[in-house]
Amino acid sequence: MANIFSFKGFKPVVHPSSFIHPNATVTGNVIIGKDVYIGPGAAIRGDWGRIEIGDGCNVQENCTIHMFPGKTVVLEPSAHVGHGAIIHGAHLGENCLIGMNAVVMDDVEIGKESIVGALTFVAANTIIPERSLVVGNPGKIV
């Protein structure tokens with residue numbers, strides 16, 4: 001059984017078709033859609049704002065999804081978050097891929113079908129258009 005915790009009156013809502021690894025933790029104001037995979041060691045923390053994980057998303061092991069107070073994090077359907085990545089207050093478009101150990105900061109918008117390379121740092125307030133490839137520190141479209 002996964003570690004699912006209420007926080008300040010918010011209890012995570014998880015579609016029954018989704019899999020949350022028993023070593024993952026989901027806390028607070030979180031909604032997880034259909035056919036979602038949450039890997040071991042993932043921390044999905046809806047304590048200061050809301051997290052919406054759309055149908056078919058994939059959050060690999062040791063990922064962190066969090067935000068500043070009052071923010072909403074959205075993973076649109078089929079967004080994929082690679083091993084060890086951090087999503088902090090961002091909006092991930094449909095069918096995008098966030099590479100291993102990437103960091104995507106607050107108020108970032110990743111366009112649908114875009115790829116953020118492994119180890120890339122995407123600074124706050126960055127807007128990435130659809131079907132872009134972003135790499136580096138700071139992340140740049142190539």
Side-chain angles (χ1 to χ4, degrees), residues 1-139 141:
M1 176 126 241
N3 295 306
I4 297 176
F5 299 102
S6 295
F7 184 80
K8 292 190 177 180
F10 289 101
K11 180 178 181 183
V13 176
V14 180
H15 191 277
S17 65
S18 291
F19 173 78
I20 300 174
H21 192 280
N23 292 334
T25 303
V26 180
T27 304
N29 193 356
V30 177
I31 298 174
I32 297 176
K34 298 178 203 171
D35 302 318
V36 171
Y37 173 86
I38 306 292
I44 315 296
R45 286 183 43 210
D47 52 359
W48 288 353
R50 182 177 176 132
I51 298 171
E52 300 172 5
I53 300 178
D55 297 347
C57 286
N58 171 22
V59 178
Q60 300 270 321
E61 68 273 6
N62 300 319
C63 291
T64 299
I65 301 179
H66 196 236
M67 77 297 291
F68 279 122
K71 299 287 182 185
T72 297
V73 177
V74 175
L75 279 64
E76 291 188 20
S78 299
H80 301 283
V81 182
H83 315 285
I86 298 171
I87 308 301
H88 201 276
H91 184 114
L92 306 184
E94 185 176 354
N95 201 34
C96 70
L97 171 65
I98 308 303
M100 294 180 283
N101 291 307
V103 176
V104 181
M105 291 302 296
D106 291 278
D107 297 319
V108 168
E109 292 182 26
I110 304 293
K112 73 178 184 176
E113 300 178 350
S114 290
I115 297 172
V116 174
L119 296 169
T120 296
F121 176 80
V122 183
N125 303 306
T126 302
I127 307 295
I128 304 299
E130 294 180 7
R131 298 185 59 79
S132 296
L133 172 61
V134 182
V135 295
N137 183 359
I141 297 170

*Step by step, work out the side chain to side chain donor-acceptor pair (under 3.5 Å) result for Q60 and N62.*
CA-CA 7 Å; Q60 300 270 321; N62 300 319; over 6 Å; no
_Distance-minimising heavy-atom pair for C63 and G82_ = SG-O, 3.0 Å
*Where is the tightest heavy-atom contact between D106 and G89, given as atom of each residue plus distance?*
OD1-CA, 3.3 Å
*Under 4.5 Å between any side-chain heavy atoms of T72 and E52, yes or no?*
yes
*asked:* Consider side chain to side chain contact (heavy atoms under 4.5 Å, CB included). Of T27, I31, V30, which one does P12 pass it with?
replied: V30
*Mark yes when over 12 heavy atoms from residues, nucleotides or ligands other than Y37 sit less than 6.0 Å from its OH; otherwise mark no.*
yes
*Can you find a pair of side-chain heavy atoms, one from L119 and one from N137, that are under 4.5 Å apart?*
no
*With the side chain counted from C-beta on, respond yes when V59 and I38 share a heavy-atom pair under 4.5 Å apart, and no when they do not.*
yes
*Could you tell me whether a side-chain N or O of S78 sits under 3.5 Å from a main-chain N or O of N95, the two making a donor and an acceptor?*
no
*Going from OG on S132 to CD1 on I141, what distance comes out if it is rounded to the nearest 0.5 angstrom?*
4.5 Å
*Looking at CE of M105 and NE2 of H88, how far apart are the two atoms once the value is rounded to the nearest 0.5 Å?*
6.0 Å
*Looking only at non-hydrogen atoms, find the nearest pair between G49 and M67 and report the distance.*
N-SD, 3.3 Å
*asked:* Tell me the closest heavy-atom pair linking G39 and H21, and the distance in Å.
replied: C-CB, 3.7 Å
*Stepwise, does the side chain to side chain donor-acceptor pair (under 3.5 Å) test hold for D47 with H66?*
CA-CA 8 Å; D47 52 359; H66 196 236; 2.6 Å; yes
*Around F19, counting heavy atoms of other residues, nucleotides and ligands shown, do more than 12 lie under 6.0 Å from its CZ?*
yes
_Interatomic spacing from NE2 in H80 to CG in L97 - rounded to 0.5 Å_ = 7.5 Å
*Going from NZ on K8 to CG on N29, what distance comes out if it is rounded to the nearest 0.5 angstrom?*
12.0 Å
_Close side-chain approach of C57 to L92, heavy-atom, < 4.5 Å_ = no
_A85 to G99 - nearest heavy-atom pair and separation_ = CB-O, 3.8 Å
_I51, I20, I4 screened by side chain to side chain contact (heavy atoms under 4.5 Å, CB included) with I32, the one that passes_ = I20
_Could you tell me if the side chain of E113 sits less than 4.5 Å from the side chain of R131, heavy atoms only?_
yes
*Between H91 and E76, is any pair of side-chain heavy atoms under 4.5 Å apart?*
yes
*Could you grab the distance from atom CD1 of I53 to atom CG of N58, nearest 0.5 Å is fine?*
10.5 Å
*Backbone N or O of G33 within a donor-acceptor pair of the S18 side chain at under 3.5 Å?*
yes
*Can you tell me how far CD1 of I110 sits from CD1 of I87, rounded to the nearest 0.5 angstrom?*
7.5 Å
*Closest heavy-atom pair and its distance - A90, V104*: CB-CG1, 3.6 Å
_Heavy-atom check, side chain of L75 versus side chain of I65, under 4.5 Å_ = yes
